[in-house]
Each structure stands twice: as structure tokens, then as C-alpha cells.
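Here the structure is a predicted model, which is why all the values come from computation and not from measurement.
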Amino acid sequence: MNAADPVHLVWFKRDLRTVDHAALAAACRAGPVLPLYIAEPSLWQADDASAWQWGFVEESLTALGKALAELGLPLLRLRGEVVDVLEALRQALPLAAIHSHQETGNALSYARDRAVAQWSRAHDIAWHEYPQMAVFRGGKRGHWPSRREAFVSALPATLPERIIAADIPPLAHAPARWRLFDPGPCRRQRGGRGLGLALLSGFLDERAARYRHGLSSPLTAVDACSRLSPHLAWGTLSLREVTQATRARLARLDAFDPHAQRLAHGLHAFESRLAWHCHFIQKLEQRPELEHHAPLAAVDALRADPNPQWLAAWRDGHTGYPLVDACMAMLRATGWLNFRMRAMLMSFASYNLWLPWQLTGQHLARLFVDYEPGIHWPQAQMQSGSTGRNALRIYDPVKQALELDPHGKFVARWLPVLGKVPLAWRFEPWKMPLDVQMHCGVRIGHDYPAPCVPWEPTQRAAREQLRACQPPREARIITPAAPARRSRPQPAAPQQLALGF
């Protein structure tokens, strides 16, 4: 390229791929291109971020760098706040424009985007944003389903045959210092597009046959679920390509083959959840304040004084309820948990321990490698009974264990001490007679904690308090506390769906 040619920056965020990448495709058609990833200390040191997530991102960035190199493009990786980095680049390069995908992230990323928009206007540098999911800004109420279908059905973004790489400039930009929150050793999923494609292929060809019947149990969900959620959250795969690959696989199935029929049932259920995935992100796009404030303010006031001992017991997996503690142990060891168990963790924390959803949601966000703010926070409110319009879903951990782990294998795996407890007592070990405790060598209150709260009276009290502060059914119209700052999605019936699918 000529040194005087204006450069088009491609700012990668949660879109770590080169395939179906609208921002990269547009920039490559416009002129010399410089791909850029900025590690932002303010985001990565926030209360919802962790070293587990960063590990997945780093692996994905390595794969992205190789994919860009095959196109003849270098990946410039810098650390610092975005406006500072952009200003350093502006002083070193003739910048024509910035290209990026739209992001529906947390409040920090929203504030950062506003600052970038202000900076770009001040320096007369165009910033082009492109949707990368079926989430839209400025949409009219009632049009979301048709717009979503048009988006996922459209042809993927393609790169031109001729791509011009911009030179990486010498920068006097000092990298910012940071310190990531590290929850400890973790056997998390690994990042990178290649691993995402392998998961997608295995799911479409085989594992989807077990999806419908296996996604709820923590025992079977590990293999029955797609495990694509971190790849969609960090954009190593595009939502459109996953949707289109699912539909293409469905079209090739033999309607008379029994295995194909099971695959079809699973793939239809999976495609439905892909749609709800975007539906929930659209909620946060419309109302960014949902990360911190419930639509029903009275609910937040009820839990204003959390019990620190109960919070610690829940966070550390010492509640005395085996399925709750086993799920927290699995999450702390792997960074993943299926949706039903995520909902149960939030339910127990919110109803039985009476903890605020903001506090418990923040802890879970750090542990989820597939943390997606647009799904996480609306779901945290739904599962804590804080919306004022959704049914109260209170999960009985003993009943869930009997249904989803009838032989106690999951509990025994993640709480080895309870593997010595007879199955008859494994889900309610506090009911074991003393002679049984002595015989199996598990003393309640010593080797395994007694329940920190009784389930029945605490859930009943929570239900009564929440119902008392809810508006009458005919008046349950949720209105923003402030004018909507983004778009307005099509209202739809609430569904139980989050990450972990």
C-alpha cells in the first residue's frame, strides 16, 4: 500500500473469526485494512470478567491471527482503553474509517461505545457498525420476528478476492497494566474457530439426537448439549452460520430413518433456542439498565440486606443441599453448566437465601466462560422473580436431584464425600440417622454441612413477599424506568433459555 493511503480499521470485539464477518468484508472492499483487537483493562478487570474468559479469548485470538495471516492481513493486538488506542493510531496513521460489529454488552462496553462515537465525530472519522446477530437497533415493535428471519436467512458476508493489507505502524503507546480475576484452576472449554466447527459438526451429525431428552440433566447435558455457547458468545462462529448449518442438516435427513428422526427432533429444538438466544439479547439492547435494575423496583428493595454467611455458603458450594453444591462444584471446575442447573442455582440463591440477583448474577457471570450479558442479566431477573411479569420458578433441589440424577452419580462425582452415603440419603443427607452417619463415615455438620436454611419455609416466605409487591395481573405492563436508549424488540412469551445450550 502507499503510505499515504487512508487505512480502514477493523475493530474485533466479540466476533473473533474471519467467516461471515460483515465489518471485515466491508473494510476489505473499501481500501487498505488493519485488523485490530484491543484488550481493555476496564472491561477485563470488571466484576463480571475473569481469567477463564480471557483464556478462551486468547486462544481464539491466536486462531484468528492465523486465519487473518492466510488472507495476508496482520492482527494488531494492543492493550489499553479504546479511545486512547484509537488516538494513538490516529496520530500514527491516516485513518479513513473504523469498521466493527455492533455489541450488546455490559454497561461498561455501552459507555465505551458512546465515548468512541464521540471521539470519531470529533475527528471526522467514520465509524461503521454492522449487526452480527439478529439483534437490531432502532427496530419497531412487532417487526422483530420477520427481521430476525431475514437476517439469519441472508447470504453470509463474503470477502473480496483482492485484499490490501495496511502496514502496522510504530506506536509510542504504552500498554496498560491490568490484573485479571482468577477463580482458580479450570478444565474449561478451549477457544478457537476450529474447535467450534468440530463441536458444531459433531452435534449436527450425532449428538443432537440426545438433545431434547438430555439437556436438562447435569449428567447427560455435558454431551447432549451443543456446547457452542462460548463460541457464539465470543464470536468464533456466527449465529447465522450455525442457524443455516442446522437447517441444512435438517434438509438432508431421511424422514424414514429412526436416528434421523431423533436428530430432527433435537435440531428443531436447538434452532428454537437459537431464536430465543437473540430474543433475550434484544431485551438488553432495548434496556441497558436491566444489568443493574429490575423493572419492578420494589423487588430490589426487598433484598437490600443480604446475609453474608448465606452468600458465602452458596458461592463456595457449602449450602448443605447436595445438588446445589454439586452444580457449583462443577461450575467452579469447568466454567460451564447446563441451563436447568443455572436456573436452579439462581432460584435457590434468590428465593431460599434471599440474596439480590445483582450479587449472585455477578458471581455466576465471572464463572461462565460463555458469559453473554444480553442473556445473563434478563435471565438472572427472570429466575429470581424480579421482573414483575413472569411466573415464579422455584426449584426444589431434592426434587430436581431425584428426577435428574436418580442414581446419585452426578452428586457423587462432584461431591466425593457423599459418594459414601447410601443412595436413600444422598440427596437429603441431613436426615440420615446418626448410626448411618457413623457407618458411612459422613457426619453432617462436620464432613458435609447441614442445610444453611430450611427449603420449604424459606421458599414459601419468598413467594409470599414477591407476590405481595407484584402489580395486579392486568396491570403487569413493564415500562422502562427511563426512555429506551436502544431499540424496541417484539414482546414475546418468556421462555426458559440461557447460555449453556
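- Leu290 contributes atom CG, which lies 6.0 Å from atom CG of Leu284 (distance to the nearest 0.5 angstrom).
- The main-chain N or O of Val411 is found under 3.5 Å from a side-chain atom of Asp405 such that the two form a donor-acceptor pair.
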- request: Report the C-alpha separation of Asp15 and His21 in whole Å, then their side-chain angles, then the decisive distance to 0.1 Å, and conclude whether the side chain to side chain donor-acceptor pair (under 3.5 Å) test is met.
  value: CA-CA 8 Å; Asp15 49 359; His21 197 291; 3.1 Å; yes
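- Atoms CZ and CG, from Arg247 and Leu274 in turn, are 9.5 Å apart once rounded to the nearest 0.5 Å.
- Closest non-hydrogen pair, Arg366 versus Ser50, comes out as O-OG, 2.8 Å.
- Glu81 and Ser42 form a side-chain donor-acceptor contact under 3.5 Å, judged by distance and modelled atom types alone.
- The nearest pair of heavy atoms linking Val369 to Trp234 is O-NE1, 2.9 Å.
- Between Arg193 and Glu59 there is no salt bridge, since no side-chain N of the basic residue sits under 4.0 Å from a carboxylate O of the acidic one.
- Taking OG from Ser60 and CG from Leu16, the interatomic distance works out to 5.5 Å, rounded to the nearest 0.5 Å.
- The aromatic ring centres of His101 and Trp11 sit 6.0 Å or more apart.
- Taking the six-membered ring where the residue is Trp, the centroids of Phe203 and Tyr211 are separated by under 6.0 Å.
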message: Run the side chain to side chain contact (heavy atoms under 4.5 Å, CB included) test on Trp54 and Trp178 for me, step by step, so that the C-alpha distance in whole Å, both residues' side-chain angles and the decisive distance to 0.1 Å come before the verdict.
response: CA-CA 12 Å; Trp54 175 246; Trp178 65 356; 3.9 Å; yes
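- A salt bridge between Glu58 and Arg77 is present, with a side-chain N of the basic residue lying under 4.0 Å from a carboxylate O of the acidic one.
- Expressed to the nearest 0.5 Å, how far CD1 of Ile375 lies from CZ of Phe339 amounts to 10.0 Å.
- A donor and an acceptor atom, one from each side chain of Gln189 and Arg227, are located under 3.5 Å apart.
- In this view, Leu195 and Arg190, His231 satisfy the side chain to side chain contact (heavy atoms under 4.5 Å, CB included) rule, not counting sequence neighbours.
- Scanning both residues, Ser217 and Leu404, for their nearest heavy atoms gives OG-O, 2.8 Å.
- Using the six-membered ring where Trp is involved, Trp276 and His279 have ring planes that are perpendicular, over 60° apart on the 30 and 60° scheme.
- The 12-atom threshold is not exceeded at CG of Asp305, counting heavy atoms of other residues, nucleotides or ligands nearer than 6.0 Å.
- Side chain to side chain, Arg137 and Gln282 fail the donor-acceptor criterion of an N or O pair below 3.5 Å.
- Look at Arg112 and Glu103 and you find a salt bridge, because one of the NZ, NE, NH1 or NH2 atoms lies within 4.0 Å of a carboxylate O, short of that distance.
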message: Before you tell me yes or no, could you show the steps for Trp357 and Gln381 under side chain to side chain donor-acceptor pair (under 3.5 Å), namely the whole-Å CA-CA distance, both residues' side-chain angles and the distance that decides it to 0.1 Å?
response: CA-CA 7 Å; Trp357 59 268; Gln381 291 193 21; 5.6 Å; no
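- For His259, the NE2 atom is densely surrounded, since the number of other residues' heavy atoms within 6.0 Å is greater than 12.
- The pair Asp205-Arg249 counts as a salt bridge, with a side-chain nitrogen and a carboxylate oxygen less than 4.0 angstrom apart.
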Under 3.5 Å, sequence neighbours excluded: what are the donor-acceptor pairs made by side chains of residues 319-326?
{"residue": "Thr319", "atom": "OG1", "partner": "Tyr321", "partner atom": "N", "Å": "3.1"}
{"residue": "Thr319", "atom": "OG1", "partner": "Asp325", "partner atom": "OD1", "Å": "2.7"}
{"residue": "Tyr321", "atom": "OH", "partner": "Val453", "partner atom": "O", "Å": "2.6"}
{"residue": "Tyr321", "atom": "OH", "partner": "Trp455", "partner atom": "N", "Å": "2.9"}
{"residue": "Asp325", "atom": "OD1", "partner": "His318", "partner atom": "N", "Å": "3.4"}
{"residue": "Asp325", "atom": "OD1", "partner": "Thr319", "partner atom": "N", "Å": "2.9"}
{"residue": "Asp325", "atom": "OD2", "partner": "Thr319", "partner atom": "N", "Å": "3.2"}
{"residue": "Asp325", "atom": "OD2", "partner": "Gly320", "partner atom": "N", "Å": "3.0"}
{"residue": "Asp325", "atom": "OD2", "partner": "Tyr448", "partner atom": "OH", "Å": "2.5"}

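- Using a 3.5 Å distance cut-off with no hydrogens or angles, the side chains of Thr246 and Glu271 do not pair a donor with an acceptor.
- Going from atom CZ of Phe270 over to atom NE2 of His277 covers 9.5 Å, rounded to the nearest 0.5 Å.
- Ion pairing between Arg342 and Asp370 holds under the 4.0 Å rule for side-chain N and carboxylate O.
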